[in-house]
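Notes follow the structure.
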Number of protein chains: 2
Amino acid sequence: MSSKTVLIVDDEPSIREMIAVALEMADYRVLEADNAQSAHAMALDHKPDLMLLDWMMPGTSGIELARRLKREEATAEMPIILLTAKGEEDNKVQGLEAGADDYITKPFSPRELVARLKAVLRRATPPGIEEAVEVEGLKLDPASHRVTSHGSALEIGPTEYRLLQFFMTHQERAYTRSQLLDQVWGGNVYVEERTVDVHIRRLRKSLGEKHQHLIQTVRGTGYRFSIRE
Amino acid sequence: MSSKTVLIVDDEPSIREMIAVALEMADYRVLEADNAQSAHAMALDHKPDLMLLDWMMPGTSGIELARRLKREEATAEMPIILLTAKGEEDNKVQGLEAGADDYITKPFSPRELVARLKAVLRRATPPGIEEAVEVEGLKLDPASHRVTSHGSALEIGPTEYRLLQFFMTHQERAYTRSQLLDQVWGGNVYVEERTVDVHIRRLRKSLGEKHQHLIQTVRGTGYRFSIRE
DNA sequence: TGAAAATATGACAAATACGTGACATCGATG
DNA sequence: CATCGATGTCACGTATTTGTCATATTTTCA
């Protein structure tokens with residue numbers, strides 16, 4: 001659930017600000033640029049997950065920038081949404097021909113922006129077809145989002161599910177609490193390291209007697225998932 | 001009256017968009033893919049009523065994809081219309097030999113496209129190729145567009161019907177609200193994610209006590225249709 | 001053996017997610 | 001134009017989840 005980065009390119013600071021606030025509330029990371037040159041540089045530098053380009057800008061216009069980005073290997077795949085003040089049909093076709101993935105006319109509601117942005121990102125990110133993992137009768141299936149012990153379902157909370165999924169795909173290796181926080185909780189959260197202990201506890205409880213031994217404490221270090229004792 | 005689903009396959013987003021708009025105005029549900037691989041997957045997954053394939057695409061070409069689809073049991077009956085930029089006779093023959101049902105050369109008017117698409121669908125659809133699905137006495141029959149519980153009809157709204165149909169043809173798998181919006185509402189609509197909850201609620205209500213357990217909440221993720229608890 | 005250190009466990013309050021009923025809107029129908 | 005059904009949103013209640021603490025328990029090692 002790592003939050004995506006969006007680069008906003010608009011020469012109007014007030015517009016940028018409005019968009020930035022909307023996106024931040026929707027839990028996106030936001031970058032800003034006020035002209036095509038720096039936008040181009042930032043695109044290469046930070047590799048945002050999506051770009052919002054204002055159509056009309058002094059100097060190089062948004063659509064021109066879109067064309068350039070689409071021509072370059074490094075940025076060709078980057079989703080682009082064009083923003084424009086006028087709702088002319090021609091513009092729309094032009095914009096989509098330039099390689100933009102969507103096209104929003106001002107004025108728009110923050111909610112609409114976020115919704116369409118989500119849609120574009122969703123399309124751009126093909127759902128990974130993950131395989132089920134099974135160890136000693138304990139099976140975790142990402143497709144059905146289920147954990148079963150020899151066929152019967154186990155009750156398990158969301159965090160415990162993610163924790164178990166991480167462990168089952170990274171067996172036989174000890175992880176520190178800090179590493180687990182990074183991997184399972186996602187990098188930029190501030191959570192006490194001891195919290196990991198609590199979730200390990202909950203996970204063990206969910207797994208029941210039969211599978212508890214798979215989650216092992218590595219004293220002085222952290223935890224490990226392993227078939228061996 | 002149930003609107004048909006058309007899968008548009010073209011690497012050019014602008015072309016896809018243009019076609020999509022035309023079809024949506026003609027009340028078709030639209031799916032899009034920008035390459036043969038994902039198109040193939042979507043064809044299997046969503047069973048569109050018709051596919052529009054661009055002849056020329058990077059990687060696997062449209063005609064090659066058409067051949068493959070015709071070879072596979074699951075997709076052999078699916079009507080295909082090929083799109084091409086050049087009006088060469090050879091291509092046309094090749095295309096029809098590959099199993100395409102029609103062949104349209106760019107540029108074409110939206111009206112022409114819709115007209116020929118209708119014609120193909122009319123020919124190809126001896127009312128209802130779709131099979132009824134039945135689970136624990138709950139039966140959904142696309143032919144009569146009816147849902148019955150042990151024979152007696154259930155009252156169910158249009159959206160709930162589509163939702164149930166999707167679920168019954170995609171059992172044992174958890175879907176996020178976002179995915180459901182894509183699949184059931186159709187790609188580029190702008191609807192709140194929580195709206196899915198409301199329709200799930202309505203669907204459950206329609207299903208009644210007896211079948212409610214089939215629609216399961218996957219906390220922190222979304223919903224799932226499954227026989228198992 | 002007896003601290004000291006590290007981990008396990010139970011309990012909570014706050015934050016989230018989900019369920020549910022109500023309501024406004026919109027298009028079809030009469 | 002009034003009515004009805006379908007739909008998308010909201011607001012609010014309820015249930016679950018989560019991060020922290022305080023308090024056991026276990027392990028380590030002088």
Side-chain angles (χ1 to χ4, degrees), chain A residues 1 3 25-27 109-112 114-116 118-119 145 147 154-164 174-178 180-182 184-186 188-209 212-224 229, chain B residues 1-3 24-25 27 29 145 147 154-164 174-178 180-182 184-186 188-209 212-224:
Chain A
M1 223 34 71
S3 70
M25 289 209 307
D27 199 33
S109 70
R111 192 193 295 168
E112 178 183 1
V114 172
R116 297 180 66 166
K118 261 190 198 164
H145 206 274
V147 179
L154 295 183
E155 224 176 273
I156 188 169
T159 304
E160 284 67 64
Y161 177 90
R162 275 182 280 129
L163 191 53
L164 179 60
Y175 292 93
T176 64
R177 292 170 176 77
S178 169
L180 289 172
L181 283 175
D182 272 4
V184 178
W185 274 251
N188 33 17
V189 285
Y190 174 66
V191 175
E192 292 292 323
E193 294 210 337
R194 290 262 142 249
T195 299
V196 173
D197 297 33
V198 178
H199 282 277
I200 288 281
R201 153 93 173 110
R202 289 169 180 161
L203 175 54
R204 282 174 170 154
K205 203 172 195 174
S206 290
L207 293 185
E209 289 285 346
Q212 289 215 11
H213 69 280
L214 292 167
I215 309 284
Q216 298 155 8
T217 303
V218 183
R219 206 143 229 276
T221 302
Y223 299 92
R224 169 180 58 203
E229 305 287 299
Chain B
M1 191 66 57
S2 64
S3 69
E24 273 161 6
M25 290 207 307
D27 198 34
R29 209 179 304 288
H145 205 269
V147 180
L154 295 183
E155 220 175 276
I156 187 170
T159 304
E160 284 66 62
Y161 177 88
R162 276 183 282 126
L163 190 53
L164 180 61
Y175 292 93
T176 64
R177 291 168 176 75
S178 172
L180 290 172
L181 284 176
D182 270 4
V184 178
W185 274 251
N188 23 20
V189 286
Y190 157 52
V191 174
E192 291 291 322
E193 294 206 341
R194 290 292 259 102
T195 298
V196 173
D197 296 34
V198 178
H199 282 277
I200 287 281
R201 153 95 172 109
R202 290 169 181 162
L203 176 54
R204 281 175 172 155
K205 206 171 194 175
S206 290
L207 294 184
E209 288 283 346
Q212 288 214 14
H213 69 281
L214 292 168
I215 309 284
Q216 298 156 7
T217 303
V218 184
R219 277 233 152 207
T221 300
Y223 298 93
R224 170 179 57 204

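Here is how names work: the chains are called A, B, and so on, in the same order as the sequence lines, proteins then strands, and each is numbered from 1.
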**Prompt:** Between Thr217(A) and dA8(C), does any side-chain N or O lie under 4.0 Å from OP1 or OP2?
**Reply:** yes

**Request:** Report yes if a side-chain nitrogen or oxygen of Arg204(B) is closer than 4.0 Å to either non-bridging phosphate oxygen (OP1 or OP2) of dG19(C); otherwise report no.
**Result:** yes

**Request:** Can you label the angle between the Trp185(A) ring and the His199(A) ring as parallel, tilted or perpendicular, going by 30° and 60°?
**Result:** perpendicular

**Request:** Would you mind reading off the distance between Lys205(B) atom NZ and dA22(C) atom C1', rounded to a whole angstrom?
**Result:** 11 Å

**Request:** Let me know the distance between CZ of Arg177(A) and C1' of dT20(D), rounded to the nearest Å.
**Result:** 15 Å

**Message:** For Tyr190(A) and Arg219(A), find the nucleotide of DNA chain D closest to each by heavy atoms; which residue's nucleotide sits nearer the 5' end?
**Reply:** Tyr190(A)

**Base dG19(C) to side chain Arg194(B), donor-acceptor N/O within 3.5 Å cut-off** = yes

**dT18(D) phosphate, OP1 or OP2, under 4.0 Å from Thr159(A) side-chain N/O** = yes

**Item:** Most 5' of Glu155(A) and Glu160(B) on DNA chain D, judged by nearest nucleotide
**Value:** Glu160(B)

**Asked** Glu193(A) has an atom CD; how far is it from atom C1' of dA8(C), in whole Å?
**Response** 17 Å

**Message:** Strictly below 4.0 Å: does Thr195(A) bring a side-chain N or O up to OP1 or OP2 of dT20(D)?
**Reply:** yes

**Asked** How long is the line joining CD of Glu192(A) and C1' of dT7(C), in whole Å?
**Response** 15 Å

**Item:** Nucleotide dT20(D), atom C1' - distance to CZ of Arg202(A) in whole Å
**Value:** 10 Å

**Message:** Is there a side-chain contact (heavy atoms from CB on, under 4.5 Å) between Arg177(B) and Ile200(B)? Walk through the geometry before answering.
**Reply:** CA-CA 10 Å; Arg177(B) 291 168 176 75; Ile200(B) 287 281; over 6 Å; no

**Asked** Nearest-Å distance, CD1 (Ile200(A)) to P (dT25(D))?
**Response** 21 Å

**Request:** Report the C-alpha separation of Arg224(B) and Gln216(B) in whole Å, then their side-chain angles, then the decisive distance to 0.1 Å, and conclude whether the side-chain hydrogen bond (donor to acceptor under 3.5 Å, both in side chains) test is met.
**Result:** CA-CA 5 Å; Arg224(B) 170 179 57 204; Gln216(B) 298 156 7; 3.0 Å; yes

**Asked** In whole angstroms, how far is the P atom of dT18(D) from the CG atom of Leu203(A)?
**Response** 12 Å

**Prompt:** Can you tell which of dC18(C), dG19(D), dT9(D) lies closest to the side chain of Asp197(B)?
**Reply:** dC18(C)

**Asked** Can you find a side chain N or O atom of His199(B) that sits less than 4.0 Å from OP1 or OP2 on dG8(D)?
**Response** yes

**Request:** Check whether any side-chain nitrogen or oxygen of Trp185(A) sits under 4.0 Å from OP1 or OP2 of dG19(D), and answer yes or no.
**Result:** yes

**Request:** May I ask you to check whether Glu192(B) and Tyr190(B) show a side-chain donor-acceptor distance below 3.5 Å?
**Result:** no

**Message:** Taking 4.0 Å as the cut-off, does a side-chain nitrogen or oxygen of Tyr223(B) come that near to OP1 or OP2 on dG19(C)?
**Reply:** yes

**Request:** Output, in order, the C-alpha distance, side-chain angles, deciding distance and verdict of side-chain contact (heavy atoms from CB on, under 4.5 Å) for Leu181(A) and Val189(A).
**Result:** CA-CA 8 Å; Leu181(A) 283 175; Val189(A) 285; 5.7 Å; no

**Distance, nearest 0.5 Å, that separates CG of Leu203(A) from OG1 of Thr159(A)** = 10.5 Å

**Prompt:** Could you state the CD-P distance from Gln216(A) to dT7(C), rounded to the nearest angstrom?
**Reply:** 15 Å

**Along DNA chain C (nearest heavy atom to each residue), the more 5'-positioned of Gly222(A) and Val198(A)** = Gly222(A)

**Request:** Any chance you could encode DNA chain D as dot-bracket? Rule is Watson-Crick or G-U wobble with both distances under 3.5 Å; [ ] for pairs crossing earlier ones, | for another strand.
**Result:** ||||||||||||||||||||||||||||||

**Request:** With side-chain contact (heavy atoms from CB on, under 4.5 Å) as the test, would you mind laying out the steps for Ile215(B) and Leu163(B) before giving the verdict?
**Result:** CA-CA 11 Å; Ile215(B) 309 284; Leu163(B) 190 53; over 6 Å; no

**Request:** Evaluate the criterion side-chain contact (heavy atoms from CB on, under 4.5 Å) for residue pair Tyr223(B) and Thr217(B); output intermediate values, then yes/no.
**Result:** CA-CA 5 Å; Tyr223(B) 298 93; Thr217(B) 303; 3.6 Å; yes

